[in-house]
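Everything below concerns the one structure shown next.
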Amino acid sequence: MQLLHSRGTASLPGFENLTMGYNKYLRPYFGGEPVQIAMSLDIASISSISESDMDYIATISLRQYWTDPHLVFHGNESFTLDARLLELLWVPDTYIVVSKRSFLHDVTVGNRLLRLFSNSTVLYALRITTTVACNMDLSKYPMDTQTWLSWPQCSQPVLLRGYDESDVTFLWLRGNDSVQGLEGLQLSQYRLERYHTLVSRSSYPRLILQFELRRNVLYFILETYVPSTLLVMLSWVSFWITLDSVPARTCIGVTTVPSMTTLMIGSRSSLSKTSCFIKAIDVYLGVCFSFIFGAFVEYAVAHYTSSQKCAAKVPGPANELTEEMEEVNITNILNNSITSYKQKISFTSIEISSDNVNCSDLTMKSHEKIKCVLRNKMHRIIGYFTIQNPGNVDHYSKLLFPLFFMVINMFYWAYYLYF
């Protein structure tokens with residue numbers, strides 16, 4: 001192929017004629033119909049999907065096709081040109097709207113391709129790596145089941161800066177088939193559900209590639225859900241240990257509570273510290289922590305009640321002295337007159353047993369009657385909450401703790417998987 005040199009630029013035969021009078025600052029069909037730019041993508045990789053930064057990194061090959069009537073030539077051939085000739089031609093200034101940062105691959109030279117077809121079609125391809133922002137709703141993390149709000153569904157809009165639809169229009173080259181490489185992607189925590197291409201009809205032309213990724217929940221089941229469930233079951237072991245084994249039951253409590261706390265902190269370490277989402281995994285870990293802490297409190301209540309019952313059964317000097325004083329009071333009352341006997345026996349009966357007070361005694365004043373009634377009511381209320389047999393606390397806990405935990409799990413998994 002014969003090469004001509006003009007202005008220090010290598011050119012094809014006739015390329016100098018093609019560019020004669022060519023103004024790279026004016027779009028093709030300037031002043032007339034808009035330029036149609038067809039686009040296709042080849043996605044090489046998607047990696048580093050970050051929930052904390054809400055972005056992902058993609059390496060793509062971006063190919064753009066348009067027609068430029070000034071570059072038509074005879075024949076049925078196409079020519080691949082040096083990418084440095086792009087400086088002599090008009091090219092669309094396409095960019096990714098939600099890109100945080102991008103760079104063009106330049107090993108060994110800039111990864112750009114320029115190809116001319118005889119029918120004036122221009123192919124401009126380049127290979128870039130971009131960090132794309134992707135808003136995520138993590139309320140059901142890590143069980144992402146909703147189409148947009150729960151799955152990390154990321155749109156990748158491509159926009160043409162500086163031109164509106166009267167100058168340039170965008171379209172996908174072959175619809176969904178314009179995107180290649182997504183089906184074969186292998187991601188660590190995700191799997192591709194579906195993808196589709198869109199064309200945004202607005203003042204400025206915009207193409208959108210929308211794809212949906214579902215998180216693999218099995219990883220989180222093995223890492224978080226199973227260990228937290230086992231810790232809850234470990235806390236129930238204390239129900240089968242007697243109340244007198246204080247070191248054994250205390251050791252289980254002080255072991256499971258810090259372990260659960262460490263598990264909760266570890267589950268949040270990979271997420272944004274400023275995230276205001278109450279995630280599904282937070283709900284489950286909170287429930288597990290509540291059951292573990294409840295099992296620890298259950299032993300404290302049972303042991304305290306058992307200690308009070310034992311102390312009440314042990315006779316002491318104070319109890320013997322009280323009985324002797326009551327016998328002396330009764331003897332003195334029997335030796336008095338009938339009138340004084342009626343007055344004092346009511347007073348003594350109040351001292352001996354406040355539970356059997358006759359609040360309708362005529363000798364009592366009105367405010368004393370009110371105090372008497374309130375005292376009886378308080379004794380009855382306290383009796384309702386008094387644990388008569390501390391051993392029943394463990395007995396009922398063996399049944400109620402696992403039952404409530406199973407019911408909560410049924411509602412939890414049904415809600416986050418199917419609603």
Any side-chain donor near an acceptor of the partner, Ser245 and Thr242, under 3.5 Å
yes

Between Ser50 and Ser52, does a side-chain hydrogen bond (donor to acceptor under 3.5 Å, both in side chains) hold up when you go through it step by step?
CA-CA 5 Å; Ser50 173; Ser52 59; 3.0 Å; yes

Where is the tightest heavy-atom contact between Leu243 and Tyr299, given as atom of each residue plus distance?
O-OH, 3.3 Å

Using a 3.5 Å distance criterion without hydrogens, assess whether the side chain of Ser306 forms a donor-acceptor pair with backbone atoms of Ala302.
no

Evaluate the criterion ring pair (Phe, Tyr, Trp, His ring centres under 6.0 Å) for residue pair Trp236 and Phe405; output intermediate values, then yes/no.
CA-CA 11 Å; Trp236 298 340; Phe405 189 71; 5.7 Å; yes

Nearest heavy-atom pair of Phe170 and Arg206: which atoms, and what distance?
CD1-N, 4.2 Å

With a 4.0 Å cut-off, would you call Arg214 and Glu212 a salt bridge?
no

Using a 4.5 Å cut-off on heavy atoms from C-beta on, say whether the side chain of Leu417 contacts that of Met143.
yes

Within the 3.5 Å criterion, strictly below it, is a donor on Ser78 or Arg115 matched to an acceptor on the partner's side chain?
yes

Does NZ or CZ of Lys140 lie under 6.0 Å from the centre of the six-membered ring of Phe419, at an angle within 45° of the ring axis?
no

Could you tell me whether Glu51 and Arg215 make a salt bridge, using a distance below 4.0 angstrom between a side-chain N and a carboxylate O?
yes

With side chains defined as the heavy atoms from C-beta onward, is the minimum distance between Leu231 and Ser259 less than 4.5 Å?
yes

Would Thr229 and Tyr284 count as having a side-chain donor-acceptor pair, cut-off 3.5 Å?
yes

Where is the tightest heavy-atom contact between Leu187 and Ile46, given as atom of each residue plus distance?
CD2-O, 3.0 Å

Taking it one step at a time, do Asp82 and Leu114 satisfy side-chain contact (heavy atoms from CB on, under 4.5 Å)?
CA-CA 7 Å; Asp82 193 316; Leu114 177 62; over 6 Å; no

Give the intermediate values and the outcome of side-chain hydrogen bond (donor to acceptor under 3.5 Å, both in side chains) for residues Thr121 and Thr67.
CA-CA 4 Å; Thr121 300; Thr67 58; over 6 Å; no

I'd like to know whether Phe291 forms a ring pair (Phe, Tyr, Trp, His ring centres under 6.0 Å) with Phe404, so could you lay out the CA-CA distance, the side-chain angles of the two residues, the decisive distance to 0.1 Å, and finally the verdict.
CA-CA 9 Å; Phe291 273 89; Phe404 284 146; 7.6 Å; no

Hey, does Leu89 have a side-chain heavy atom less than 4.5 Å from the side chain of Lys24?
no

In the structure I gave you, are the side-chain heavy atoms of Val122 and Trp90 within less than 4.5 Å of one another anywhere?
no

Note, Ile221 side chain near Val226 side chain (heavy atom, < 4.5 Å)
yes

Option among Tyr190, Tyr195, Tyr56 that satisfies the side chain to side chain contact (heavy atoms under 4.5 Å, CB included) test with Leu213:
Tyr190

How about Ile252 and Thr255: do any of their side-chain heavy atoms sit closer than 4.5 Å?
no

If you count the non-hydrogen atoms of other residues, nucleotides and ligands that lie under 6.0 Å from OH in Tyr29, is the total more than 12?
yes

Can you tell me if Arg84 has over 12 outside heavy atoms packed within less than 6.0 Å of its CZ?
no

What's the spacing between Leu182 CG and Ile43 CD1 if we round to 0.5 Å?
3.5 Å

Any idea which heavy atoms bring Val168 and Pro34 closest together, and the distance?
N-CB, 3.9 Å

Would you call Arg249 and Asp394 a salt bridge, using N to O less than 4.0 angstrom?
yes

For the side chain of Ser267 and the backbone of Met264, is there at least one donor-acceptor N/O pair under 3.5 Å apart?
yes

Test ring pair (Phe, Tyr, Trp, His ring centres under 6.0 Å) on Tyr225 and Trp413; report intermediate values, then the result.
CA-CA 12 Å; Tyr225 284 94; Trp413 292 103; 5.0 Å; yes

Test side-chain contact (heavy atoms from CB on, under 4.5 Å) on Arg101 and Ile57; report intermediate values, then the result.
CA-CA 10 Å; Arg101 48 193 173 271; Ile57 298 176; over 6 Å; no

Flag if over 12 foreign heavy atoms under 6.0 Å of CD, Glu183
yes

Is Ser178 reaching over with its side chain to a backbone N or O of Arg174, donor-acceptor style, under 3.5 angstrom?
yes

Should Ser397 and Glu298 be marked as a side-chain contact (heavy atoms from CB on, under 4.5 Å) after you check the CA-CA gap, both sets of side-chain angles, and the distance that decides it?
CA-CA 8 Å; Ser397 297; Glu298 181 271 346; 3.3 Å; yes

Lys100 and Val132, any side-chain heavy atoms less than 4.5 Å apart
no

Nearest non-hydrogen partners of Ser188 and Asn216, listed with the distance
O-ND2, 3.9 Å

Check Arg268 with Asp282, please: is the shortest side-chain N to carboxylate O separation under 4.0 Å?
yes

Assess the residue pair Trp66 and Gln36 against the criterion (side-chain contact (heavy atoms from CB on, under 4.5 Å)); give the C-alpha distance rounded to whole Å, side-chain angles, the decisive distance to 0.1 Å, and a yes or no.
CA-CA 6 Å; Trp66 71 92; Gln36 284 192 349; over 6 Å; no

Using the ring centroid of each side chain, check whether Phe239 and Tyr396 are separated by less than 6.0 Å.
no

Given the rule in the side-chain hydrogen bond (donor to acceptor under 3.5 Å, both in side chains) test, do Thr130 and Ser102 qualify, once you have shown the distances and angles that lead to the verdict?
CA-CA 4 Å; Thr130 178; Ser102 303; 2.8 Å; yes

Ignoring hydrogens and angles, state whether a donor on the side chain of Ser120 or Asp68 is under 3.5 Å from an acceptor on the partner side chain.
no

Is there a side-chain contact between Arg112 and Tyr124, using heavy atoms and a 4.5 Å cut-off?
yes

Interatomic distance, Leu113 atom CG to Thr80 atom OG1 [nearest 0.5 angstrom]:
5.5 Å

Apply ring pair (Phe, Tyr, Trp, His ring centres under 6.0 Å) to Tyr412 and Tyr416, showing your working.
CA-CA 6 Å; Tyr412 174 86; Tyr416 283 107; 4.9 Å; yes

Under the side-chain hydrogen bond (donor to acceptor under 3.5 Å, both in side chains) rule, what do Ser40 and Tyr65 come out as? Steps first, then yes or no, please.
CA-CA 9 Å; Ser40 63; Tyr65 299 84; 4.7 Å; no

Nearest heavy-atom neighbours spanning Gly181 and Leu185
O-CG, 3.4 Å

Quick one: does any side-chain atom of Ser235 pair with a main-chain N or O of Val232 as donor and acceptor, under 3.5 Å?
yes

